[in-house]
There are 2 protein chains.
Amino acid sequence: MDQLLDKWGQLILTLLCERPRRFNELKRDLDGITQKSLAQALRRLERNGLVERHVLEQRPIAVEYRITPLGRTLDEPFLALFAWTADHLAEVEQHRRAYDEGRDPSR
Amino acid sequence: MDQLLDKWGQLILTLLCERPRRFNELKRDLDGITQKSLAQALRRLERNGLVERHVLEQRPIAVEYRITPLGRTLDEPFLALFAWTADHLAEVEQHRRAYDEGRDPSR
DNA sequence: CAGAATCCTCAAAGATACTG
DNA sequence: CAGTATCTTTGAGGATTCTG
């Protein structure tokens with residue numbers, strides 16, 4: 001999995017699953033990402049056949065990224081993970097508090 | 001997700017889902033992991049309530065790690081990811097070869 | 001607009017040594 | 001056996017600059 005997508009890959013894939021987007025559009029939606037990281041993540045997704053890069057003939061140039069059928073099949077397992085987090089986050093945080101309290105009351 | 005488990009976390013969870021294991025037993029099964037990384041991963045899993053640490057009263061000391069019910073619920077989404085990889089890995093690798101060939105024939 | 005190239009930094013991983 | 005402590009190294013990511 002680590003080979004397939006980096007830190008941002010999953011999020012990008014989810015966004016593109018919704019609708020195609022352009023480079024700076026993604027950059028805006030992914031708050032905090034740098035151009036470098038975005039370009040890098042897109043190259044990897046493209047290389048693995050999960051997204052496609054389409055150059056729109058315009059001035060100035062515009063590039064649209066679209067999810068592929070293959071990429072779309074991957075979104076389902078991801079949604080299962082999202083769902084798990086939503087369902088169990090509260091429980092996990094309780095465990096964390098209990099763990100941290102037993103160890104070091106200061107933090 | 002990154003908060004829940006690091007690089008090894010998923011694999012450890014899957015192993016423990018099968019049966020409880022001891023520290024050095026895990027170390028053997030996870031080829032290439034260092035003690036430090038293993039201890040670190042186990043602490044994180046423990047902190048999030050996904051595994052439990054049980055000290056067996058013996059000489060020399062023995063520690064067993066067991067998956068919790070919460071941890072077990074997480075294994076299902078993971079299996080879906082494993083399954084996806086198994087089903088689509090060949091296709092992904094084809095895309096990679098095509099991508100690499102078009103770019104840089106040397107590597 | 002959509003990147004590639006460069007430099008830099010800091011946190012994570014590895015190696016090693018030590019201990020109850 | 002099951003770790004912790006310490007030091008070093010590496011590389012991913014950020015900031016910045018440049019370009020078709």
Side-chain angles (χ1 to χ4, degrees), chain A residues 1-13 15-16 19-48 50-67 99-100 102-104 106-107, chain B residues 1-13 15-16 19-48 50-67 99-100 102-104 106-107:
Chain A
M1 268 300 144
D2 305 355
Q3 325 301 323
L4 255 57
L5 16 82
D6 49 37
K7 178 171 138 191
W8 295 96
Q10 176 174 354
L11 199 49
I12 294 174
L13 209 66
L15 285 174
L16 293 182
R19 62 178 171 80
R21 285 160 203 253
R22 296 181 33 195
F23 188 86
N24 280 332
E25 206 176 343
L26 284 169
K27 188 171 178 316
R28 270 189 298 275
D29 291 340
L30 303 168
D31 206 54
I33 198 174
T34 61
Q35 301 125 346
K36 182 182 170 183
S37 300
L38 178 54
Q40 201 172 251
L42 287 171
R43 292 306 147 255
R44 178 175 307 194
L45 290 169
E46 194 190 350
R47 178 168 183 261
N48 289 320
L50 301 175
V51 309
E52 275 174 356
R53 183 173 181 272
H54 290 273
V55 179
L56 310 177
E57 296 302 337
Q58 296 179 2
R59 301 296 305 187
I61 197 172
V63 177
E64 192 176 79
Y65 290 92
R66 305 176 194 163
I67 198 167
Y99 185 93
D100 292 344
R103 296 273 162 170
D104 182 3
S106 68
R107 49 165 197 159
Chain B
M1 269 302 144
D2 305 355
Q3 323 302 323
L4 256 57
L5 16 83
D6 49 38
K7 177 171 139 191
W8 296 98
Q10 178 175 352
L11 200 48
I12 294 174
L13 210 65
L15 286 175
L16 293 183
R19 62 178 170 80
R21 284 158 203 254
R22 294 177 38 189
F23 188 86
N24 279 333
E25 206 176 345
L26 284 169
K27 190 169 176 317
R28 270 189 297 276
D29 291 339
L30 303 167
D31 206 54
I33 198 172
T34 61
Q35 298 144 345
K36 183 181 167 184
S37 300
L38 178 54
Q40 203 172 251
L42 287 171
R43 293 305 148 255
R44 179 175 303 194
L45 290 169
E46 194 189 350
R47 177 170 183 260
N48 290 320
L50 301 175
V51 309
E52 276 174 355
R53 182 174 182 273
H54 290 271
V55 180
L56 309 177
E57 297 302 338
Q58 295 181 2
R59 301 294 307 185
I61 196 172
V63 177
E64 192 175 79
Y65 290 92
R66 305 176 193 164
I67 197 166
Y99 184 94
D100 293 345
R103 296 272 162 172
D104 182 3
S106 69
R107 53 165 195 159

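Numbers restart at 1 for each chain; the letters A, B, ... are given by sequence-line order, proteins then strands. Since the structure is predicted, the reported quantities are computational estimates derived from the model, not experimental observations.
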(request) Rounded off to whole Å, could you give me the CG-to-P distance for the Asn24(B) and dG3(D) pair? (result) 9 Å

(message) dG3(C), OP1 or OP2 - any side-chain N/O from Tyr65(A) closer than 4.0 Å?
(response) yes

(request) Indicate the atoms forming the closest heavy-atom contact of Ala41(B) with Trp8(B), along with that distance. (result) CB-CB, 4.5 Å

(message) Tell me which one of Leu45(A), Leu16(A), Leu50(A) satisfies side-chain contact (heavy atoms from CB on, under 4.5 Å) with Ile67(A).
(response) Leu16(A)

(request) Measure the distance from CZ on Arg44(B) to C1' on dA13(C) and round it to the nearest whole Å. (result) 13 Å

(message) Using whole Å, what does the distance between atom C1' of nucleotide dG3(D) and atom CD of Glu25(B) come to?
(response) 16 Å

(message) Side-chain N or O of Arg22(B) versus OP1/OP2 of dC1(D): is the shortest distance under 4.0 Å?
(response) no

(message) As a test of reading the structure: which of dG13(D), dG3(D), dG20(C) is closest to the side chain of Ile61(B), going by heavy atoms?
(response) dG20(C)

(message) What is the distance, to the nearest angstrom, from the CD1 atom on Ile33(B) to the P atom on dG14(C)?
(response) 8 Å

(request) Using a 4.0 Å heavy-atom cut-off across all strands, classify Gln58(A) as base, sugar-phosphate, or nothing. (result) nothing

(message) Any salt bridge linking Glu25(A) with Arg28(A)? Criterion: basic side-chain nitrogen under 4.0 Å from a carboxylate oxygen.
(response) no

(message) Check the phosphate of dA12(C) against Ser37(B), side-chain N and O only, distance under 4.0 Å to OP1 or OP2. Yes or no?
(response) no

(request) Take atom CG of Asp6(A) and atom C1' of dG11(D), then tell me their distance rounded to the nearest Å. (result) 14 Å

(message) Side chain of Pro60(B) only, heavy atoms from C-beta on: which candidate in dG20(D), dA15(D), dC1(D) is closest?
(response) dC1(D)

(request) With the side chain of Arg43(A) defined as its heavy atoms from C-beta on, choose the nearest nucleotide among dG20(D), dC1(D), dG3(C). (result) dG3(C)

(request) Please lay out, stage by stage, how His54(A) and Tyr65(A) fare under the test side chain to side chain contact (heavy atoms under 4.5 Å, CB included). (result) CA-CA 6 Å; His54(A) 290 273; Tyr65(A) 290 92; over 6 Å; no

(request) Starting at atom CG of Leu38(B), determine the distance to atom C1' of dC1(D), rounded to an integer number of angstrom. (result) 13 Å

(request) Would you mind telling me which of dA2(D), dA2(C), dT6(D) lies closest to the side-chain atoms of Arg53(B)? (result) dA2(D)

(request) Might you point out which heavy atoms bring Arg22(B) and Ile61(B) nearest each other, and give the distance in Å? (result) NH2-O, 4.4 Å

(message) Given dT16(C), dA15(D), dA2(C), identify the nucleotide with an atom nearest to the side chain of Thr34(A).
(response) dA15(D)

(request) Please report, rounded to the nearest Å, how far the C1' atom of dT4(D) is from the CD atom of Gln35(B). (result) 10 Å

(request) For the side chain of Lys36(B), starting at C-beta, report the closest nucleotide among dG3(D), dT16(D), dC7(D). (result) dC7(D)

(request) Could you check which of dA13(C), dA2(C), dA2(D) has an atom nearest any side-chain atom of Phe23(A)? (result) dA2(C)

(message) Can you measure Gln40(A) atom CD to dG13(D) atom P for me and round it to whole angstrom units?
(response) 6 Å

